[in-house]
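Structure first, then comments.
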There are 2 protein chains.
Amino acid sequence: MSTTSESPQRNTRQRRAVAAIMADLEGFASAQQIHDILKQRGESVGLSTVYRNLQALADADLLDALRNDDGETLYRRCSSGHHHHLVCRQCGRTVEVEGPTVERWADAVADDHGFRDVEHTLEIFGTCGDCAS
Amino acid sequence: MSTTSESPQRNTRQRRAVAAIMADLEGFASAQQIHDILKQRGESVGLSTVYRNLQALADADLLDALRNDDGETLYRRCSSGHHHHLVCRQCGRTVEVEGPTVERWADAVADDHGFRDVEHTLEIFGTCGDCAS
DNA sequence: ACTACTCTCGGAAACGATTGTCAAATCCGT
DNA sequence: ACGGATTTGACAATCGTTTCCGAGAGTAGT
């Protein structure tokens, strides 16, 4: 499988259901939460399947994935291109932010120390206005 | 535990052994790796104890902790104060970096969106000069 | 529509890091 | 050295996630 094709990607009810949830969802959610939501909507999908499909979507860059402090992986739909997140630690509301300054700073710092092929991760956590009251 | 004192903090062989390892260690290491190193040095310490002491040291801001992509928590000694890391993804060599500009930017962005109690995480990964050759 | 060939599903078992339990060992002030 | 509190450590339990594997469902070819 080194050469070309990804797997053919079949169009299943479960795949559609997970994608639909993610399209609606505002903040980050864990695989288990998404599994619960599916159950509530009556579109029951096996937990393993939820995990698999979320991974697939994340691999295809259709979802952002991040780990919270509890070690859970959270998913959320995302716009294309490089960006970071401002996440409410109460309700999960998320704002995508860009910071050209930060990008340049990170690259410059890495360059100063002779590092190549630089990447970075940056997340901002806080309590949003609504949750603060 | 809201009120006053930290726990009395006793000076045990195990606590000293863990602290000693961390003083020597150059890059980030997982609790289990540290447990192994202790065993090799003949200073055997229970795994739970290693976990507990690493957490305690991290809580006391004597160690930095970060999670790798595999979900393991890695520890490393650190200087005091807020800082970030530039980590070589090959050899683990780590440089502590500061970025007042970034701090201000993050706070400003969060403030713009009405977020309070803001924290952020930022790590830079790359290949260091030595490993690039 | 029928067949054959996969890919996918799902429930249960496996996994791996971490945390909890609790009796025994160890500290440390007195 | 004594005694009460903390800490240790072997083991079990937890928790998120992954893997297994037989059954089920898409899809292409006829």
Side-chain angles (χ1 to χ4, degrees), chain A residues 1 3-22 28-60 62-76 89 92, chain B residues 1 3-22 28-60 62-76:
Chain A
M1 77 309 249
T3 39
T4 28
S5 51
E6 312 84 74
S7 8
Q9 273 296 70
R10 286 183 183 172
N11 176 19
T12 66
R13 172 183 70 79
Q14 294 84 340
R15 186 122 51 203
R16 268 177 276 124
V18 171
I21 297 287
M22 296 315 290
F28 279 90
S30 70
Q32 318 224 34
Q33 288 176 319
I34 293 161
H35 177 247
D36 288 345
I37 297 174
L38 283 163
K39 200 178 295 176
Q40 287 169 21
R41 289 206 189 174
E43 299 238 56
S44 191
V45 173
L47 183 55
S48 338
T49 304
V50 173
Y51 273 105
R52 276 187 296 243
N53 282 324
L54 288 173
Q55 279 180 335
L57 289 166
D59 286 348
L62 296 170
L63 297 182
D64 275 329
L66 64 83
R67 261 180 219 274
N68 69 7
D69 288 336
D70 296 342
E72 293 176 317
T73 304
L74 306 181
Y75 296 91
R76 179 177 182 275
R89 63 168 76 80
Chain B
M1 67 316 259
T3 37
T4 31
S5 52
E6 313 84 73
S7 9
Q9 275 295 72
R10 284 184 183 175
N11 177 20
T12 66
R13 173 183 70 81
Q14 294 85 339
R15 186 120 54 198
R16 267 177 276 125
V18 171
I21 296 288
M22 295 316 289
F28 280 90
S30 70
Q32 319 225 31
Q33 288 176 319
I34 293 161
H35 177 248
D36 288 346
I37 296 173
L38 283 162
K39 200 178 294 175
Q40 286 169 23
R41 289 206 189 174
E43 298 238 55
S44 190
V45 174
L47 183 55
S48 333
T49 303
V50 173
Y51 274 104
R52 278 187 296 240
N53 282 324
L54 287 173
Q55 280 180 334
L57 288 166
D59 286 348
L62 295 171
L63 296 182
D64 276 329
L66 66 80
R67 261 180 218 274
N68 70 8
D69 289 335
D70 296 343
E72 292 175 317
T73 303
L74 306 182
Y75 297 90
R76 178 176 184 277

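Residue numbers begin at 1 in each chain, while the letters A, B, ... track the order of the sequences. Only heavy atoms go into these numbers, but all of them, side chains included; no hydrogens, no water, no symmetry mates.
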Inset, instruction - Supply the atom-to-atom distance A:T73 OG1 to A:Q32 CD, rounded to the nearest 0.5 angstrom. - result: 10.5 Å

Inset, instruction - Please state how far atom CG in B:D69 lies from atom C1' in D:dT17, giving the value in whole angstrom units. - result: 15 Å

Inset, instruction - Measure from NE2 on A:H35 to C1' on C:dG10 and round the result to the nearest Å. - result: 9 Å

Inset, instruction - List in chain and number order the residues that pass ring pair (Phe, Tyr, Trp, His ring centres under 6.0 Å) with B:Y75, two or more places apart in sequence or in another chain; answer none if no residue qualifies. - result: none

Inset, instruction - Note down the inter-axis angle between the two ends of the helix from C:dA1-D:dT30 to C:dT30-D:dA1, five pairs each, to the nearest 10°. - result: 40°

Inset, instruction - Give the nucleotide from the list C:dT8, C:dG10, D:dT8 with an atom nearest to the side chain of A:T49. - result: C:dG10

Legend entry - Atom pair CG/CE of B:L57 and B:M22 - distance to nearest 0.5 Å: 8.0 Å

Inset, instruction - Please name the pair of heavy atoms, one in A:F28 and one in A:D64, separated by the smallest distance, quoted to 0.1 Å. - result: CE2-O, 3.8 Å

Would you give me the side-chain donor-acceptor pairs under 3.5 Å for residues 46-54 of chain A, sequence neighbours excluded?
| from | atom 1 | to | atom 2 | distance (Å) |
| --- | --- | --- | --- | --- |
| A:T49 | OG1 | A:R52 | NH2 | 3.3 |
| A:N53 | OD1 | A:R15 | NH1 | 3.3 |
| A:N53 | ND2 | A:T49 | O | 3.3 |

Legend entry - With sequence neighbours excluded, residues passing side chain to side chain contact (heavy atoms under 4.5 Å, CB included) with B:N68: B:D70, B:E72, B:L74

Inset, instruction - For residues 30-41 of chain B, pull every pair meeting salt bridge (charged side-chain N to carboxylate O under 4.0 Å, His left out), keeping only residues two or more places apart or in separate chains. - result: B:D24-B:R41

Inset, instruction - Ignoring backbone atoms, test whether B:N53 places a side-chain nitrogen or oxygen under 4.0 Å from the OP1 or OP2 oxygen of D:dT7. - result: no

Legend entry - Separation of C:dT26 C1' from B:R13 CZ (nearest whole Å): 11 Å

Legend entry - Gap between atoms CG and C1', on A:L54 and D:dT17 respectively (whole Å): 12 Å

Legend entry - Protein-nucleotide distance (A:E43, atom CD; C:dG10, atom C1'), rounded to Å: 16 Å

Inset, instruction - Can you sort out the partners of A:A17 under side chain to side chain contact (heavy atoms under 4.5 Å, CB included), two or more places apart, ordered by chain and number? - result: A:L38, A:E43, A:V45

Dump the pairs, protein N or O against N or O of nucleotides 12-22 of chain C, anything under 3.5 Å, distances to one decimal.
| from | atom 1 | to | atom 2 | distance (Å) |
| --- | --- | --- | --- | --- |
| C:dA17 | OP1 | B:E72 | OE2 | 3.2 |
| C:dA17 | OP2 | B:Q32 | NE2 | 3.1 |
| C:dA17 | O5' | B:Q32 | NE2 | 3.1 |
| C:dT18 | OP1 | B:T73 | N | 2.8 |
| C:dT18 | OP1 | B:T73 | OG1 | 2.9 |
| C:dT18 | OP2 | B:Y51 | OH | 2.6 |
| C:dT19 | OP1 | B:Q55 | NE2 | 2.8 |
| C:dT19 | OP2 | B:Q55 | NE2 | 2.6 |
| C:dG20 | O6 | B:S48 | OG | 3.4 |

Legend entry - Nearest-Å distance for atom pair CD/P, residues A:Q33 and D:dC15: 15 Å

Inset, instruction - With sequence neighbours excluded, tell me which residues meet side chain to side chain contact (heavy atoms under 4.5 Å, CB included) with A:A29. - result: A:L25, A:Q33, A:I34

Inset, instruction - Looking at every strand, decide which applies to B:N68 at a 4.0 Å heavy-atom threshold: base, sugar-phosphate, or nothing. - result: nothing

Legend entry - side-chain hydrogen bond (donor to acceptor under 3.5 Å, both in side chains) partners for B:N11, two or more places apart: B:R16

Inset, instruction - Calculate the interatomic distance between A:L57 atom CG and C:dT8 atom C1'; express it in whole Å. - result: 14 Å

Show me the protein contacts with nucleotides 28-30 of chain C, counting only N or O atoms at under 3.5 Å.
| from | atom 1 | to | atom 2 | distance (Å) |
| --- | --- | --- | --- | --- |
| C:dC28 | OP1 | B:N11 | N | 3.1 |

